[in-house]
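Working notes for the structure below.
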Amino acid sequence: MTQRRSRILVVDDDPSVARVLTRVAQRLGFEATAVIEPGQVVARVERLQPEMILLDLSMPGLDGVEILRALALGRSRAQICLISGADRDVIDAARDLGHELGLQMAEPLHKPLGREQIERTLRAIEPAGTHRGTGSPEPSVADLDEALRAGNIVPHYQPKLDLASGRMTGVEVLARWNSAKLGVVSPGRFIPLAESSGAINRLTDAIARRSFEELAGLGESSNKLGIAVNLSPRLLHDLVYPDHLLTLALERGIDPDRVTLEITESEAMRNPTRYLDILVRFRLKGFHLSVDDFGTGFSSLVHLYKLPFEEIKIDRTFVADLRESQEARVIVKAMIALGRGLGLSVVAEGIEDGETAETLVRFGCDAGQGYHFGAPHGIEELRGGRVPA
Ligand code: C2E
Ligand code: CA
Ligand code: CA
């Protein structure tokens, strides 16, 4: 089956910029069109249903922010990449606004635009057929239910490395849904559905069970490999969950000491005392705890200090900006110092190049993950010799 090409809509009132962007996108194999008249954007988006919109933030008549509001009203599922010559904090604030409005915001492009920067952004777009902007139907609760029953929600594994030595020390388990009807569905589309429909317990069980089995099956050479499992904050209400997870692990020969539970910052920190009992229980059973997406949830330092977490995972949005933003460098450096000062292990996620990895080592970051070291893959890749002896 041939896959149709992903569509990109370029919105820039400067025809020469629009032309350059369109050309670069076409050369990369995208179906790209430009619109230089801001007033036509919304109608074009509706007709074209692009996977990505490259949107100039400052245009006469209708500015990028108004377009964002209109796209949100039209419930656009396209990834939106802002382009602007304005100050970084203005662009970042606009991107945050887009997030707030429920839009899919990609990393912004800063003018003057370099070809490498443009290509990197475009390459990050999911191919047509796997992205929600393609007009493919949104998965329903019934679809998800069926997928869980059929065992079509499976774990993929991304290597986690000790940054100083480059040694692989563990893997993060990331859920993937292989759907005959919808293609490969990414977790962003089904985790929220699982959470709101109450299927998250079953989903987490399915992922934990299968990943424990597959990793135990790798044999002795990898029985020290750490296993990071994402835990929905919804499961933190269930007082017997720690026992349940312990049984799942032990029945498959997995020592809980190998397992780190990653819990996103926003939820875990909002009401720390409410979660304290269950977090303590996980620790008592021998599991480790990590604050995921650190830096996005405005957690109070007091909470971080009081809760039984042992690791912080710096959110990939900060890591992605390290090379180009002095502000990001200041923030990441401070996060690493804070984490280490509190005796926590510090992990950076979303490392996409060697320069970023080197900067993180210089800042004293312990561990890292990202496409630079390896994307998430099925168990065969781990079996294929990537496991440290
Ligand atoms: P997360 O826990 O922050 O996971 C890291 C995400 O970053 C993964 O996206 C991974 O594929 C992606 N990633 C890895 N390296 C890079 C990189 O170098 N650059 C960039 N830009 N991205 C990178 P994925 O697999 O789409 O997962 C999205 C989110 O879904 C996860 O974010 C996690 O919060 C959630 N999730 C995934 N699996 C599960 C699960 O089994 N249970 C629960 N509750 N949530 C899950
Ligand atoms: Ca995670
Ligand atoms: Ca994360």
Side-chain angles (χ1 to χ4, degrees), residues 79 81 104-107 120-126 130-132 144 147-148 153-161 170-177 184-212 226-236 238 241 245 248 259-268 288-297 309 311-323 335 346-357 360 367-378:
Q79 290 187 61
C81 170
Q104 309 286 313
M105 304 301 293
E107 283 304 309
R120 203 169 48 233
T121 302
L122 297 182
R123 284 214 175 90
I125 304 176
E126 294 174 63
T130 64
H131 189 259
R132 39 166 129 192
L144 182 61
L148 281 167
I153 311 253
V154 299
H156 275 203
Y157 305 92
Q158 182 173 40
K160 177 175 171 185
L161 288 91
V171 289
E172 176 172 4
V173 181
L174 293 156
R176 293 288 179 271
W177 176 355
V184 178
V185 185
S186 65
R189 275 172 82 189
F190 62 86
I191 298 290
L193 185 66
E195 287 178 330
S196 61
S197 69
I200 191 69
N201 284 58
R202 282 168 63 214
L203 188 148
T204 310
D205 278 11
I207 289 295
R209 203 176 280 133
R210 180 134 174 197
S211 62
F212 293 162
I227 307 168
V229 175
N230 290 287
L231 202 68
S232 165
R234 302 252 169 171
L235 295 168
L236 297 181
D238 185 353
Y241 200 74
L245 198 61
L248 278 188
V259 180
T260 299
L261 305 172
E262 298 190 357
I263 303 166
T264 51
E265 185 192 19
S266 46
E267 282 293 332
H288 300 283
L289 294 176
S290 171
V291 183
D292 206 350
D293 306 333
F294 184 74
T296 58
F309 285 97
E311 177 184 282
I312 53 173
K313 231 171 151 176
I314 299 177
D315 189 68
R316 60 183 180 277
T317 53
F318 299 101
V319 177
D321 287 348
L322 267 188
R323 273 195 335 170
M335 285 177 180
V346 184
V347 185
E349 62 179 15
I351 302 173
E352 294 189 357
D353 57 86
E355 198 182 318
T356 300
L360 287 161
Q369 272 173 246
Y371 299 154
H372 176 60
F373 303 113
H377 286 291

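Everything numeric in this text was worked out from a predicted model, so none of it was measured. Both ligands and their constituent atoms are indexed starting at 1 by order of listing. Computation of the quantities below employed the complete heavy-atom set of this structure, encompassing side-chain atoms and omitting hydrogens, waters and symmetry-equivalent molecules. The residues of the chain are indexed from 1 along the displayed sequence.
- Protein N/O/S atoms closer than 3.0 Å to the Ca ion (ligand 2): Glu172 OE2, Asn230 OD1, Glu262 OE1, Asp292 OD2.
- What sits closest to atom 19 (N) of ligand 1 on the protein, heavy atoms only, is Glu352 OE2, 2.6 Å.
- A salt bridge links Glu349 with Arg316: the closest approach of a Lys/Arg side-chain nitrogen to an acidic carboxylate oxygen falls below 4.0 angstrom.
- Heavy atoms of Pro376 found under 4.0 angstrom from ligand 1 belong exclusively to the side chain.
- Only the side chain of Asp293 comes within 4.0 Å of ligand 1, counting heavy atoms alone; its backbone N, CA, C and O stay farther away.
- Not a single donor-acceptor pair under 3.5 Å links the side chain of Asp353 to the backbone N or O of His372.
- Counting heavy atoms under 4.0 Å from ligand 1, residue Asp292 touches it through the side chain alone.
- Comparing heavy-atom distances from atom 36 (N) of ligand 1 across Pro187, Pro233, Gly374 singles out Pro187 as nearest.
- Residue-ligand proximity, Ser232 to ligand 1, at heavy-atom distances under 4.0 Å covers atoms 44 (N).
- Near Glu349, meaning under 4.0 Å from any of its heavy atoms, are these atoms of ligand 1: 3 (O).
- With rounding to the nearest 0.5 angstrom, the CD1 atom of Ile153 is 13.0 Å from the CG atom of Asp205.
- For the atom pair OG of Ser186 and CG of Leu174, the computed distance is 11.0 Å after rounding to the nearest 0.5 Å.
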Exercise. Output, in order, the C-alpha distance, side-chain angles, deciding distance and verdict of side chain to side chain contact (heavy atoms under 4.5 Å, CB included) for Val173 and Tyr157.
Key: CA-CA 5 Å; Val173 181; Tyr157 305 92; 4.1 Å; yes
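- Within a 4.0 Å radius of atom 9 (O) of ligand 1, the protein contributes no non-hydrogen atoms.
- Between Ser186 and ligand 1, no N or O atom pair is found at a separation short of 3.5 Å.
- A distance of 9.0 Å separates CD of Glu311 from CG of Asp292, quoted to the nearest 0.5 Å.
- Put simply, the side chain of Lys313 reaches to within 4.5 Å of the side chain of Glu172, judged on heavy atoms.
- A pairwise comparison of heavy atoms in Gly295 and Met335 identifies CA-CE, 3.6 Å as the closest pair.
- Here is the list of ligand 1 atoms found below 4.0 Å of a heavy atom in Gly350: 16 (C), 17 (C), 18 (O), 19 (N).
- Considering only heavy atoms from C-beta on, Val319 comes within 4.5 Å of Leu360 through its side chain.
- Between Ala199 and Leu144, the shortest heavy-atom contact is CB-CD2, 4.2 Å.
- The N/O atoms of Gln158, backbone and side chain alike, include one that comes under 3.5 Å of an N/O atom in ligand 1.
- Arg176 places none of its side-chain heavy atoms less than 4.5 Å from the side chain of Phe190.
- Taking each of Ile351, Leu261, Asn230 in turn, the one with a heavy atom nearest to atom 34 (O) of ligand 1 proves to be Asn230.
- Residue Ala175 has at least one N or O atom closer than 3.5 Å to an N or O atom of ligand 1.
- One finds the OG1 atom of Thr260 at 11.0 Å from the CG atom of Asn230 (value rounded to the nearest 0.5 Å).
- Residue contacts with ligand 1, taken as heavy atom pairs separated by less than 4.0 Å, involve Arg316 solely via side-chain atoms from C-beta onward.
- Here the protein heavy atom with the shortest distance to atom 22 (N) of ligand 1 is Tyr371 OH, 3.4 Å.
- Residue Thr204 places every heavy atom at 4.0 Å or more from ligand 1.
- Rounding to the nearest 0.5 Å gives a distance of 6.0 Å between CG of Leu245 and CG of Leu261.
- Glu172 counts as a contact of ligand 1, since one of its heavy atoms falls under 4.0 Å from the ligand.
- At a heavy-atom cutoff of 4.0 Å, ligand 1 is contacted by both the backbone and the side chain of Leu174.
- Polar contact with ligand 1: present for Arg176 (N/O pair, distance under 3.5 Å).
- A heavy-atom distance below 4.5 Å is not found between the side chains of Val184 and Trp177.
- The main-chain N or O of Cys81 is never found under 3.5 Å from a side-chain atom of Glu107 such that the two would form a donor-acceptor pair.
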